[in-house]
Number of protein chains: 2
Amino acid sequence: MLNKFYHTAEDMIRHHGGRATAGRIGILATLLAEQQAITHREIEQRLPQSLQLDRVTLYRTLEWLVENGLIHKITSDDRVWRYNANLEPHSHQHAHFKCTGCAQVICLDNLPIEQNWPLPTGYRFQEIELTVKGLCANCC
Amino acid sequence: MLNKFYHTAEDMIRHHGGRATAGRIGILATLLAEQQAITHREIEQRLPQSLQLDRVTLYRTLEWLVENGLIHKITSDDRVWRYNANLEPHSHQHAHFKCTGCAQVICLDNLPIEQNWPLPTGYRFQEIELTVKGLCANCC
DNA sequence: GCTTGCGCCGCAACTGAGTTGCAACAATGA
DNA sequence: TCATTGTTGCAACTCAGTTGCGGCGCAAGC
Ligand SMILES: [Mn+2]
Ligand SMILES: [Mn+2]
Ligand SMILES: [Zn+2]
Ligand SMILES: [Zn+2]
């Protein structure tokens, strides 16, 4: 039932005062339907035939969704961004897991991150990026 | 006194059974002399005139140094690798700090990393990547 | 010291993710 | 319905990193 996600996506976008274009809705719905964080390429592949967007549009839409706090993007060691929808219980600060076998990335939402890292004198803390690497259940 | 680092570098390379070429020694000495992790570009700039290497050679040499455990490389959100020498007290598992102002990256060697992250059932832990972001003393 | 073989180096071409400029288009609000 | 303004598609670009290959030079053996 992808329909549900399309409806939710449109709601989320309108609540942020943005134009509810087919592209934004489709991309956000795709990310809402996904259990893991996926790349630009993977999003492109999952979009329905009726919604083939230019790659640049896809990049710009993802940027807009990130800036408006509807999704977040994750750094990885393969130099490719991965994106995931910001569900409500999704705390802004959370860790991620990356499988070294299949490159799958998931959010570890229930992993609270310590904020008190002892930095050198004069340094100011802002945020943390934490990726646990290992093998997922399929790759073990 | 860069000379000292060149000597140390040559020693380290020979102890690993590798050919002690001018390029390897110069690159490793450059990293030994550095207090922070630096990029491919920055290494290139710091190499003396007498040792201008092709960029591909630089990439391949860095790869060799990483594989032989003499240096390590660090992922970053700007899609550029940064490299740092493996000094002896350098534990393999340590965190890094990246300044959001000047992009400087340093190793937080004395920051012990918890190894027992609660992963989903069936997942196997391998290693961790932790980057603290904030402002360095200069950028505060 | 001289020779030789294997590994290292430089060059050219390529890959692939992400960015920029600009003109055409379409969602919204009047 | 129309005008405004933000969004889209296209072409060209940037930039880090990779690959293939011929030639050079380090180190081992004489
Ligand atoms: Mn996440
Ligand atoms: Mn380090
Ligand atoms: Zn896996
Ligand atoms: Zn700084």
Side-chain angles (χ1 to χ4, degrees), chain A residues 6 9-28 30 37-45 47-68 70-83 98 103 105, chain B residues 6 9-28 30 37-45 47-68 70-83 98 103 105:
Chain A
Y6 275 77
E10 187 169 353
D11 270 8
M12 291 170 71
I13 291 164
R14 289 199 190 276
H15 276 147
H16 276 263
R19 287 193 186 174
T21 67
R24 283 183 185 170
I25 297 169
I27 291 169
L28 182 51
T30 304
I38 54 177
T39 65
H40 177 273
R41 271 278 172 79
E42 290 166 330
I43 297 169
E44 209 168 22
Q45 291 162 358
L47 286 176
Q49 286 296 333
S50 57
L51 199 66
Q52 290 303 327
L53 296 168
D54 186 78
R55 29 190 306 280
V56 176
T57 302
L58 182 41
Y59 277 117
R60 289 200 264 234
T61 303
L62 288 168
E63 194 184 359
W64 185 90
L65 291 168
V66 168
E67 279 169 2
N68 286 271
L70 302 180
I71 66 175
H72 64 284
K73 66 175 174 178
I74 302 153
T75 309
S76 175
D77 52 9
D78 56 9
R79 307 177 10 104
V80 180
W81 295 109
R82 283 177 178 75
Y83 301 86
K98 177 162 187 213
V105 173
Chain B
Y6 274 78
E10 186 168 354
D11 270 8
M12 290 171 69
I13 291 164
R14 289 197 191 277
H15 276 145
H16 275 264
R19 287 194 185 173
T21 67
R24 284 184 185 169
I25 296 170
I27 292 168
L28 182 50
T30 304
I38 54 178
T39 65
H40 177 273
R41 271 278 171 81
E42 291 166 328
I43 296 170
E44 210 167 21
Q45 291 162 358
L47 285 175
Q49 285 296 334
S50 57
L51 201 65
Q52 291 302 329
L53 296 168
D54 186 79
R55 25 188 312 276
V56 178
T57 303
L58 182 41
Y59 277 118
R60 289 201 264 236
T61 303
L62 288 168
E63 194 184 359
W64 186 89
L65 290 168
V66 169
E67 280 170 1
N68 285 270
L70 302 181
I71 65 175
H72 64 284
K73 66 174 176 179
I74 302 153
T75 309
S76 176
D77 53 10
D78 57 8
R79 305 178 10 104
V80 180
W81 296 108
R82 283 177 178 75
Y83 300 86
K98 179 166 187 207
V105 173

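Below, chains carry the letters A, B, ... as their sequence lines are ordered, and counting in each starts from 1.
In this structure, B/Arg41 reaches the D/dA16 phosphate: one of its side-chain N or O atoms is under 4.0 Å from OP1 or OP2.
Side chains of A/Lys73 and A/Leu62 form no contact here, defined as non-hydrogen atoms less than 4.5 Å apart. Within the 4.5 Å cutoff, the side chain of B/Tyr83 has heavy atoms near those of the B/Ile43 side chain.
Taking the nucleotide of DNA chain D with the nearest heavy atom to each of A/Thr61 and B/His40, the more 5' of the two is matched to A/Thr61. Two residues, B/Trp64 and B/Arg79, neighbour DNA chain C, and the one matched to the more 5' nucleotide by heavy-atom proximity is B/Trp64. Mapping A/Gln52 and B/Arg55 onto DNA chain D via the closest heavy atom, the residue that lands nearer the 5' end is A/Gln52.
The nearest whole Å value for the distance from the CD1 atom in A/Ile25 to the C1' atom in D/dT8 is 15 Å. Rounded to an integer number of Å, the gap from CG of A/Asp77 to P of D/dA16 is 18 Å.
Closest heavy-atom contact between B/Leu51 and B/Gly23: CD1-N, 4.4 Å. Across A/Lys98 and A/Ser76, no two heavy atoms sit closer than the pair NZ-OG, 3.0 Å. Looking at every heavy atom in both residues, A/Thr75 comes nearest to A/Trp81 through OG1-CZ3, 3.4 Å. Minimum heavy-atom separation, A/Ile27 to A/Leu47: N-CD2, 4.1 Å. Annotation for B/Glu10 and B/Ala20: closest pair CG-CB, 4.2 Å, computed over non-hydrogen atoms. Residues A/Ile74 and A/Ala37 come closest through the heavy atom pair CD1-CB, 3.5 Å.
Axis angle between the ends of the helix from C/dG1-D/dC30 to C/dA30-D/dT1, five pairs each and rounded to 10 degrees, works out to 30°.
Residue contacts shown for B/Thr39 are absent, as no nucleic acid heavy atom lies under 4.0 Å away. At the heavy-atom level, A/Val56 lies under 4.0 Å from base atoms of the strands shown.
Taking a heavy-atom distance under 4.0 Å as the criterion, the stretch of DNA chain C touched by chain B extends 5' to 3' from C/dG5 to C/dG18.
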Could you run through nucleotides 21-30 of chain D and give me one letter per nucleotide, 5' to 3': B if any protein heavy atom sits under 4.0 Å from the base, S if only the sugar-phosphate is that close, - if neither?
B---BBS---
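A donor-acceptor distance shorter than 3.5 angstrom exists from the side chain of B/Arg24 to the backbone of B/Arg19, with no hydrogens or angles considered. At distances below 3.5 Å, not a single donor-acceptor pair connects side-chain atoms of A/Gln45 with backbone N or O atoms of A/Glu42.
Taking the six-membered ring for Trp and the full ring otherwise, B/His40 and B/Tyr59 have centroids separated by under 6.0 Å.
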